[in-house]
Amino acid sequence: CDWSSDVCSSDLTSISSKFGFGLRATKQLSTVAAINFDLYNTTFEGTENKFTYNTKITQFSVLPQLQIGNIKYLDNHSRLIFYGYAGIGVIKFTTNSDLNRTDLIIPYGVGSKFKLSERSAVNLDFTFNYYMGDDLDGKIQLYSDNDTYNRFTLGYTYMFGKKSKKNLTWFNPFTNAYNKNFNLLK
């Protein structure tokens with residue numbers, strides 16, 4: 001059972017925000033595939049054309065993930081992996097103009113994870129969130145596009161599971177082939 005949990009702090013770009021926080025549970029399905037369950041909470045605020053807004057959001061997302069970096073042909077030890085993810089989520093938000101909604105959001109992004117030990121890592125993510133509406137700031141404009149926001153995340157990951165079992169996040173499936181070929185050369 002390869003489960004991991006992240007604790008993260010984020011900063012939203014493209015709008016002014018306070019630091020947010022979140023939790024991510026990841027189920028590693030194979031050496032290249034995982035599924036993430038994200039819960040994120042923050043507040044963002046700003047002024048646009050003399051309109052001031054303050055929006056509190058809570059977002060839950062399910063994100064299938066593909067990773068690269070743990071499969072190497074010349075080196076069987078991975079300390080740095082890269083991954084990409086895309087999925088769907090639900091966002092609940094409340095604005096200072098008393099708008100309270102729950103709606104769909106499409107998050108997608110990229111990230112990297114640096115191995116500290118067999119069970120822990122530090123990760124850095126960039127997530128683009130596409131909201132299919134124009135009222136995230138509490139103001140609806142005629143002929144305007146959907147609202148979006150970006151999120152940079154710095155997180156710490158702890159990986160659960162039996163210590164006797166190799167964690168799939170860092171496991172290189174070619175390790176056995178290296179060992180067999182190396183033994184043949186002896």
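- Side-chain atoms of Asn96 come within 3.5 Å of backbone N or O of Asn54 as a donor-acceptor pair.
- For Arg79 and Phe114, the positive end sits near the middle of the six-membered ring, less than 6.0 Å away and at most 45° from its axis.
- Separating the CG atom in Asp125 from the OG1 atom in Thr153 is a distance of 5.5 Å, to the nearest 0.5 Å.
- For the residue pair Asn41 and Ile57, the shortest heavy atom distance occurs at OD1-O, 2.8 Å.
- Residues Phe60 and Ile35 are members of one and the same hydrophobic cluster, defined by side-chain heavy-atom contacts under 4.5 angstrom among Ile, Leu, Val, Met, Phe, Trp and Tyr.
- How far NZ of Lys115 is from CG of Asn123: 15.5 Å, rounded to the nearest 0.5 Å.
- Rounding to the nearest 0.5 Å gives a distance of 6.5 Å between CZ of Arg24 and CG of Leu63.
- The two atoms that bring Ile105 and Val90 nearest to each other are CG2-N, 4.2 Å, heavy atoms only.
- Within 6.0 Å of atom CG in Asn100, more than 12 heavy atoms from other residues, nucleotides or ligands are found, so the atom counts as buried in its surroundings.
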Apply the test side-chain hydrogen bond (donor to acceptor under 3.5 Å, both in side chains) to residues Gln59 and Ser61: give CA-CA distance (whole Å), side-chain angles for both, the deciding distance (0.1 Å), then the verdict. CA-CA 7 Å; Gln59 178 180 331; Ser61 305; 3.1 Å; yes
For side chain to side chain contact (heavy atoms under 4.5 Å, CB included), just list the numbers for Gln28 and Gln67, CA-CA rounded to whole Å, side-chain angles, deciding distance to a tenth of an Å, and then say yes or no. CA-CA 10 Å; Gln28 194 72 36; Gln67 71 184 33; 3.5 Å; yes
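- Note: the hydrophobic cluster containing Val110 does not contain Phe152 (ILVMFWY, side chain heavy atoms under 4.5 Å, direct or indirect links).
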Worked check of ring-ring contact (aromatic ring centres under 6.0 Å, His included) between Phe93 and Tyr131: CA-CA 12 Å; Phe93 63 93; Tyr131 171 65; 5.6 Å; yes
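- In this structure, CG in Asn36 is found 7.5 Å from OH in Tyr83, a value given to the nearest 0.5 Å.
- The structure places CZ of Arg101 at 12.5 Å from OG1 of Thr55, a figure rounded to the nearest 0.5 Å.
- Smallest separation of non-hydrogen atoms from Pro107 and Asn129: CB-OD1, 3.3 Å.
- Linking ILVMFWY side-chain heavy atoms closer than 4.5 Å, directly or via other members, places Leu39 and Phe37 in a single hydrophobic cluster.
- Interatomic distance, OG1 of Thr31 versus CD1 of Ile68, reported as 12.5 Å (0.5 Å rounding).
- Minimum heavy-atom separation, Ser112 to Leu80: CB-CD1, 4.2 Å.
- Criterion: ILVMFWY side-chain heavy atoms under 4.5 Å apart, direct or through other members. Under it, Tyr158 and Leu116 are part of a common hydrophobic cluster.
- By the criterion of side-chain heavy atoms lying less than 4.5 angstrom apart, applied directly or through intervening Ile, Leu, Val, Met, Phe, Trp or Tyr residues, Val122 is grouped together with Phe160 in one hydrophobic cluster.
- Of all the heavy atoms in Asp147 and Asp135, the pair that sits closest is OD2-N, 3.5 Å.
- Test Phe126, Phe128, Tyr40 against Arg151 for side-chain contact (heavy atoms from CB on, under 4.5 Å) and you get one pass: Tyr40.
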